[in-house]
Structures are given as structure tokens and as C-alpha cells.
There are 2 protein chains.
Amino acid sequence: MKEGPDIAQIGALIGDPARANMLTALMGGKALTATELAAAGGITVQTASTHLAKLEAGNLLAQRKQGRHRYFTLADDSVGKFLESIMGFAAGRGHLRHKPGPKEPALRKARICYDHLAGDYGVRMLDSLIARGAIDSIGDGLALTESGETALKDIGIDVHALKSSRRPLCRSCLDWSERRAHLAGSLGKALLSNFLEKGWARRAAESRSVVFSPEGERQFLALFPATK
Amino acid sequence: MKEGPDIAQIGALIGDPARANMLTALMGGKALTATELAAAGGITVQTASTHLAKLEAGNLLAQRKQGRHRYFTLADDSVGKFLESIMGFAAGRGHLRHKPGPKEPALRKARICYDHLAGDYGVRMLDSLIARGAIDSIGDGLALTESGETALKDIGIDVHALKSSRRPLCRSCLDWSERRAHLAGSLGKALLSNFLEKGWARRAAESRSVVFSPEGERQFLALFPATK
DNA sequence: AGGATGCTTCGGTTAGGATCGAAGTATGAA
DNA sequence: TTCATACTTCGATCCTAACCGAAGCATCCT
């Protein structure tokens, strides 16, 4: 039939376990070297190198040379969003891993989705923002309200600066673990950065999970109360 | 790393060209037999049979036995939406087919996206509905307004009946050719059915493209004027 | 019953690509 | 310069899975 774009190509790119693991590792938002990605994929550096070349040729990855290191990141945030949506789809279809692993609960609670907060806490934050009228929503669509803008200023986020960026302020991103939307876009990124700067939370070393400090958790939960 | 759902599995399912072509064929919304899908994939029935078994095991397809035929469809509309989003992503990353083929322009103009209208005409319709205030939108989110409900009643669509269904009324679906949103959901489906019933358009035989009659095209363009 | 059609299962072949060892290139350090 | 580190390229191996011919079921028609 050969109609439309070639979905088999990207399917094949994502379809290899080693490549999928490397992409998942890059969802953490950090730039990683080829050696680190090889470890993430469970393969040697040689093999990783060919995989990375293919992913780059497919425009899924971007590369930045720095000295003798070569740092890889997802090509842009749309790739991250796309990967998260695949995860949501996969989880919904029962394509889970054989053994959930010990880190799974932490991931479900709070994790990084490329550059913003996801998991239970990410969903809770968005729900709470909507409930208090800081964000309007229709279906999947999100928009910051006037009152929301001032509320965020109190938290310490310069909404005005974010608005000047080309990137959309609010985007919804489907959370694979909660199967609900969480907040992406430049605002989602700014909020996560804010929490990390304040020391409320930190990124786990070798994982995408986000670990809250006891005090940070208290503050976060107070700032974003449960809805209903 | 082994974090989260197994995206490699669905990637691999979609990553085979024969399977991708069969899935694309099913985006036409019609239930197809194994023999028809074999032709769509460019393979023999034996091979197609094993592919179809895999796709079904992966919960991407549903199967309905009818006499000695076996009709396959996409498991549900979320699969269709997912495939269209992959097409959009693929097109955005430059993953196009080598030769666009003669049917390409017709596809870009108007085609079926599982059960609703997509392509230039699909995008035009949604834009027009938003412009006249029949549908509210925030970002990707869509909602039918009061005035929109009466307007659709005039066209001949029983919105009340649609509302009772479990399926969402309005959904936005990213159009791969236009790279903009078009209208999905039960309302999108109802509108397309309405056009087909009225004889404004018909489905092409072996393709996903939708062919408008001269009169139907006139009516459609008048009903959904361009929004500058 | 007998024959035709639609599809699946089995068996064997083949090709693509994932893999790694070894060698080659680039950058930095001593 | 010499050595070490980070990465890529080359070459060869090996394995999976896509593929089809042939045979086996199931259903329908006459």
C-alpha cells in the first residue's frame, strides 16, 4: 500500500531493546556519553556506537562534542513527549517488563520525564493547579490563568520570561504510570527546576526517579493539596 | 536500566515493514481479512497469518470470525490515534517514503484516520468549527459549545445520542500531513459518517483517501469556510 | 459426499542486523 | 613524545525472525 510516512523506520529504531534502554535513559534529561549509554543498554561501546549513529541519523538524538567526550541528548522535547506517550500506550496494552524491579515504586511516585515532573506527584501537581483555578483545561489542553500567573510568581517562577520563549508554556503529557495527564512545557520544566533548586528534591543517581527530602515533601504536599 | 514499560516490544511490532503496512491499511477503519492484509503488506497469506497473530498477541488488533473469513480491525480507536501520532512524528523527522506515489496528493487532501476525517479538509473543518464558536479549544483540548450543539443538530447530527456513549465527544488528533490538529472522537466519526451518507463523499477502493463529489465538495466548503 | 475457499501450522531456508574483538582515530594528560 | 582515554570503524560470527512451500483444519457451497 505504501501510504503516508514510514512508521516502520521509527518503529524499528525503538524496537531494539538496547536502543530502547538508551532512549529511556536519556529521558532523564541529562546528556550522557556513549560509554554511559552503553552501560544503560547493557552492551559494549562498539555496539552502542553503531546504535547511536542510527538514532542520530533518524533524528531522534542530538550530539555535542566536548573534548574527547561525546554527549548525547534527545533531539528535542518532542522526542521525550513521544517516548512517554509510547510508554503510556505500552503500559495500557500490557507491555510491561517481566519483573518490575525494585526501583519501580519510586519511579511511579516521582520521576523525570525529559525535563519535567511525572508520576504520582506530577499528576497531583497538575490536578491541584487546575482545582485552584491556576490552570484552565479543556480535554488535554492547558492554559495558565491570570490568577495562576500571580500564584506562580509567589512560588518564585518568572512566568513573563517563560512566555517570551518559543516553546509552549503549558503542555499536557500523558503519564504512563498514572494514565493521566501531567504538566509539561516550559512551565513544567520551570517548576521542576524550582523544586530542585530549593532542595525539596534531587535526582537519583542512576535512574529517572526524583527523590524528595522529608521537608521538601511536606512543602510540596502542602503547596499542592490533594483534590477531592 | 530496565525502567518502566517495555517500549521495545511495540516498537518491534510496528518496526516490521509488512506489519506497518498492514496496520496502515487498517487505519482506513474497515475490517479486513487476512488475505486482504497479506496483499496490503506485500506478503503471502502464511506470513501474514503469523504477523497478525503477533499483532493480536500485542493487543494492537482485534479479530472477528465470520464464517470462513476472519476480519481484523485495530483493537480500538486509541490504536488508530497512536498510529497517526507516530506518522506525524515520523513525517516531522523526515522519515518519508522514497517515492511519494501518485495517491499522495489525494491522501493529503482528505483521508480517513481510523473513523474520522483527516488531511487538509479535516483540519479545515476543525478550524472552521472553532472560528465560528462551535468548539472551544485550549491548546490541544476541545469541547463542544452550546451553540455548536445546535449548529450540529442542523447538519443532522444527534449530539445527545453521542453524549451518552462512553467515548469522548471531541478529541484532537495530530494530522501528519498538515501537522495540525483535526477532530477525532465520536463527533468526528459522526461528521464523517454524515458526509458519506449524504453522498458528499465516498471512500476510495484500495486506499485511505476520501473522494468528494463536485457537489459534495461545494457544500462542504460552504459549510466550513476557510478561516483566513 | 466432494470440492472449493480462507486461514493456520509446520519445516526448512535465508537474510539482516545485533554483537563483540581488534584495529584505527581523536583528544587530553604526563 | 609517549601514554591513556573516549569513541569509531572494520571484520567476522551468530542468531533471530521473516519468508514461503506444503500440508492440515475449518467452513461453505453444491
Side-chain angles (χ1 to χ4, degrees), chain A residues 1-2 6-26 30-58 60-73 95 98 206, chain B residues 1-2 6-26 30-58 60-74 95 97-98 206:
Chain A
M1 282 295 107
K2 307 227 176 194
D6 197 348
I7 61 174
Q9 273 185 40
I10 32 161
L13 282 177
I14 297 171
D16 180 80
R19 281 196 290 262
N21 285 332
M22 292 194 282
L23 288 171
T24 304
L26 286 172
K30 272 186 262 199
L32 298 176
T33 66
T35 310
E36 290 169 323
L37 287 168
I43 48 181
T44 62
V45 267
Q46 308 96 292
T47 310
S49 181
T50 66
H51 282 312
L52 291 169
K54 286 179 187 176
L55 289 171
E56 200 185 356
L60 295 185
L61 293 188
Q63 186 190 145
R64 200 171 72 240
K65 280 188 70 168
Q66 205 167 96
R68 53 185 162 181
H69 294 278
R70 210 157 271 218
Y71 286 97
F72 291 87
T73 56
H95 291 266
H98 309 279
E206 300 268 322
Chain B
M1 280 291 110
K2 306 229 175 191
D6 198 348
I7 62 173
Q9 272 186 40
I10 31 160
L13 282 177
I14 297 171
D16 180 80
R19 282 196 290 261
N21 285 332
M22 293 194 283
L23 288 170
T24 304
L26 287 171
K30 271 186 265 201
L32 298 175
T33 65
T35 312
E36 291 170 321
L37 287 168
I43 48 179
T44 62
V45 267
Q46 306 97 293
T47 311
S49 181
T50 66
H51 280 313
L52 291 169
K54 286 179 188 176
L55 288 172
E56 200 185 355
L60 294 185
L61 294 189
Q63 187 188 148
R64 201 171 69 239
K65 280 189 72 167
Q66 205 166 95
R68 53 184 160 180
H69 293 279
R70 210 158 270 219
Y71 287 97
F72 291 87
T73 56
L74 300 185
H95 291 266
R97 295 184 181 278
H98 308 278
E206 300 267 324

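So you know, we letter chains A, B, ... as the sequences are listed, proteins then strands, and number each from 1. Quick caveat, the model's predicted, so the values are computed rather than measured.
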Original post:
Rounding to a whole Å, what distance do you find between B:Met22:CE and D:dA18:C1'?
Top reply: 11 Å
Original post:
Does a nitrogen or oxygen in the side chain of B:Lys65 sit under 4.0 Å from OP1 or OP2 of C:dG6?
Top reply: no
**OP:** Under the side-chain contact (heavy atoms from CB on, under 4.5 Å) rule, collect the residues that match up with A:Ala18, sequence neighbours excluded.
**Re:** A:Asp16, A:Ile43, A:His51
**OP:** With sequence neighbours excluded, tell me which residues meet side-chain hydrogen bond (donor to acceptor under 3.5 Å, both in side chains) with A:Thr33.
**Re:** A:Glu36
Original post:
In chain order, what residues pass the side-chain hydrogen bond (donor to acceptor under 3.5 Å, both in side chains) check against A:Glu56, with sequence neighbours excluded?
Top reply: A:Gln63
**OP:** Summarise how protein sits on nucleotides 7-23 of chain C as a single string, 5' to 3': B when a protein heavy atom is under 4.0 Å from the base, S for sugar-phosphate-only contact, - for no contact.
**Re:** SBB--------SSBBB-
**OP:** May I have the distance from A:Arg64 (atom CZ) to D:dA6 (atom P), rounded to whole angstrom?
**Re:** 17 Å
**OP:** Under the side-chain hydrogen bond (donor to acceptor under 3.5 Å, both in side chains) rule, collect the residues that match up with B:Thr50, sequence neighbours excluded.
**Re:** none
**OP:** Return the set of residues passing side-chain hydrogen bond (donor to acceptor under 3.5 Å, both in side chains) with B:His69 (not counting sequence neighbours), or none when no residue passes.
**Re:** none
